[in-house]
Visitor: 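Before I ask anything, let me first share the structure, which is written out below as structure tokens.
The residues of the chain are indexed from 1 along the displayed sequence. Indexing begins at 1, ligand by ligand and atom by atom, following the structure's order.
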Amino acid sequence: MSTTPNAAGLAPATLAVAAGRPARVQGGHINPPIPLSSTFVSQGVVTPDELSYARGDTDAWHPFEQALAALECRGGSADGEAAGQAIVFGSGMAAIAAVFSLLPDGGTLVLPQHAYQAGMVLAHEVSARHGVTLRHVDIADTDAVVAALDGADLLLVESPTNPMLEVADLPAVLGAARARGVRSVVDNTFATPLGQQPLLHGADIVLHSVTKYLAGHSDVVLGALVTRDAELATTLRGHRTLHGAIAGPFEVWLALRGLRTLALRFERAQVNAAELVRRLADHPEVAEVRHPSLPGDPGHERAKAQMNGFGAIIGVRPRERAGVGPVERADAVVDAVRLWLPATSLGGVESMMERRRRWGTEAQTVPEDLLRLSVGIEDIEDLWADLDQSLRA
Ligand SMILES: *Cc1c(COP(=O)(O)O)cnc(C)c1O
């Protein structure tokens with residue numbers, strides 16, 4: 001693990017490019033190599049810092065883990081607080097499973113009523129198998145979240161939420177959890193570490209579907225956790241080793257390659273999204289637009305206070321038409337796009353959309369005709385022209 005450059009004081013866009021770079025030596029690599037070794041030369045007692053078998057640890061993970069930790073933990077206190085560690089997993093769901101493994105049998109999990117749907121399905125499975133009580137809350141309702149924390153073991157936060165884009169008051173809910181000794185995890189997939197840093201607001205763990213913005217090219221499935229708590233990191237890494245929820249060397253290399261351009265990609269996607277939101281709000285074929293950039297959005301002020309930008313995911317409900325059901329109407333818009341891709345997932349360079357309730361596991365309080373738009377980095381006028389014609393079709 002000798003490749004971390006001294007990251008102190010570097011701006012996030014620079015960290016995304018420079019953190020986790022190989023050591024600067026004559027003839028050395030600019031990019032880390034892709035080490036393909038399932039085992040390592042080792043004899044006798046192995047210390048935790050030594051590589052021995054690639055399910056437990058491999059240098060294939062370290063450059064990406066260092067870069068992500070540098071981004072999520074930057075700007076923390078200068079008083080010697082642990083810098084933080086990232087732990088890469090084979091998927092975002094594997095990372096969520098590792099976090100849920102912290103719950104004791106019969107414990108209590110506080111979680112958003114709207115959140116990533118497979119995570120909710122897993123929470124219900126954990127609940128059924130381990131007698132864990134689930135307390136679903138409106139994560140934007142701070143009083144409700146705080147009230148639900150009494151006697152809880154773990155708070156899961158998503159902000160903005162998937163797909164409703166509700167914004168939690170991160171300092172308030174994470175501070176309340178900390179004050180009550182309730183461990184907290186924030187899914188930071190939508191905001192990225194450039195958009196917000198939950199660890200600075202008091203989160204114990206940050207979670208990512210690396211599949212989305214961090215890798216950014218819709219070509220890998222990966223996840224990660226980040227924490228400043230060294231003991232917790234050891235526990236989570238131990239879960240990864242025992243459950244085998246590990247990432248392949250090629251995939252992690254691609255994720256680091258993607259991370260290098262995160263600042264440019266996310267900046268462009270956010271600018272595109274804000275402009276599309278502005279135009280959609282005035283569109284005759286649109287009934288509702290959800291995005292924290294809208295001054296009238298319930299999460300607008302909070303997002304302004306705790307985020308850098310408003311993200312690049314938009315919720316849209318098409319205006320209904322006589323004789324056409326809302327589901328049919330929304331599906332017709334998705335059918336009509338030519339440049340936008342009808343696909344699930346988000347955070348790639350390409351713009352995508354889907355009607356979320358087509359998934360049977362999506363929360364029933366999500367409107368049936370809500371389209372989730374993931375805005376990419378294409379030319380804004382091309383995106384607008386296609387969106388406009390699909391809404392009018
Ligand atoms: C996609 C996603 C996940 C799950 O990640 P995978 O990489 O698909 O396993 C978790 N949380 C959010 C917010 C997501 O969008």
Visitor: Taking the side chain from Asp169 and the backbone from Ala140, do they hold a donor-acceptor pair closer than 3.5 Å?
Guide: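 Not confirmed, Asp169 side chain does not pair with Ala140 backbone.
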Visitor: Consider only side-chain N and O atoms of Arg21 and Gln66, and report whether a donor and an acceptor are under 3.5 Å apart.
Guide: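 Side-chain D/A pair, Arg21 to Gln66: absent.
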Visitor: Take the angle between the ring planes of His124 and His136 and call it parallel below 30°, perpendicular above 60°, tilted in between.
Guide: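 Judged by the thresholds at 30° and 60°, the geometry between His124 and His136 is parallel.
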Visitor: Is it the case that His114 and Glu158 place a side-chain donor and acceptor less than 3.5 Å from each other?
Guide: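 Not at all, the side chains of His114 and Glu158 share no donor-acceptor pair under 3.5 Å.
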Visitor: Please enumerate all residues that pass side-chain contact (heavy atoms from CB on, under 4.5 Å) together with Val271, with sequence neighbours excluded.
Guide: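 Val271 satisfies side-chain contact (heavy atoms from CB on, under 4.5 Å) with no residue once adjacent residues are dropped.
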Visitor: Anything under 30° is parallel, anything over 60° is perpendicular, the rest tilted; go ahead and classify Trp384 against His283.
Guide: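 Correct class here is perpendicular.
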Visitor: Show the short N or O contacts, below 3.5 Å, that ligand 1 makes with protein N or O atoms; if there are none, say 'none'.
Guide:
unit_1   : atom_1 : unit_2 : atom_2 : d
ligand 1 : 5 (O)  : Ser209 : OG     : 3.0
ligand 1 : 7 (O)  : Gly92  : N      : 3.0
ligand 1 : 7 (O)  : Ser209 : OG     : 2.8
ligand 1 : 7 (O)  : Thr211 : OG1    : 2.7
ligand 1 : 9 (O)  : Gly92  : N      : 3.0
ligand 1 : 9 (O)  : Met93  : N      : 2.8
ligand 1 : 11 (N) : Asp187 : OD2    : 2.7
ligand 1 : 15 (O) : Lys212 : NZ     : 2.7

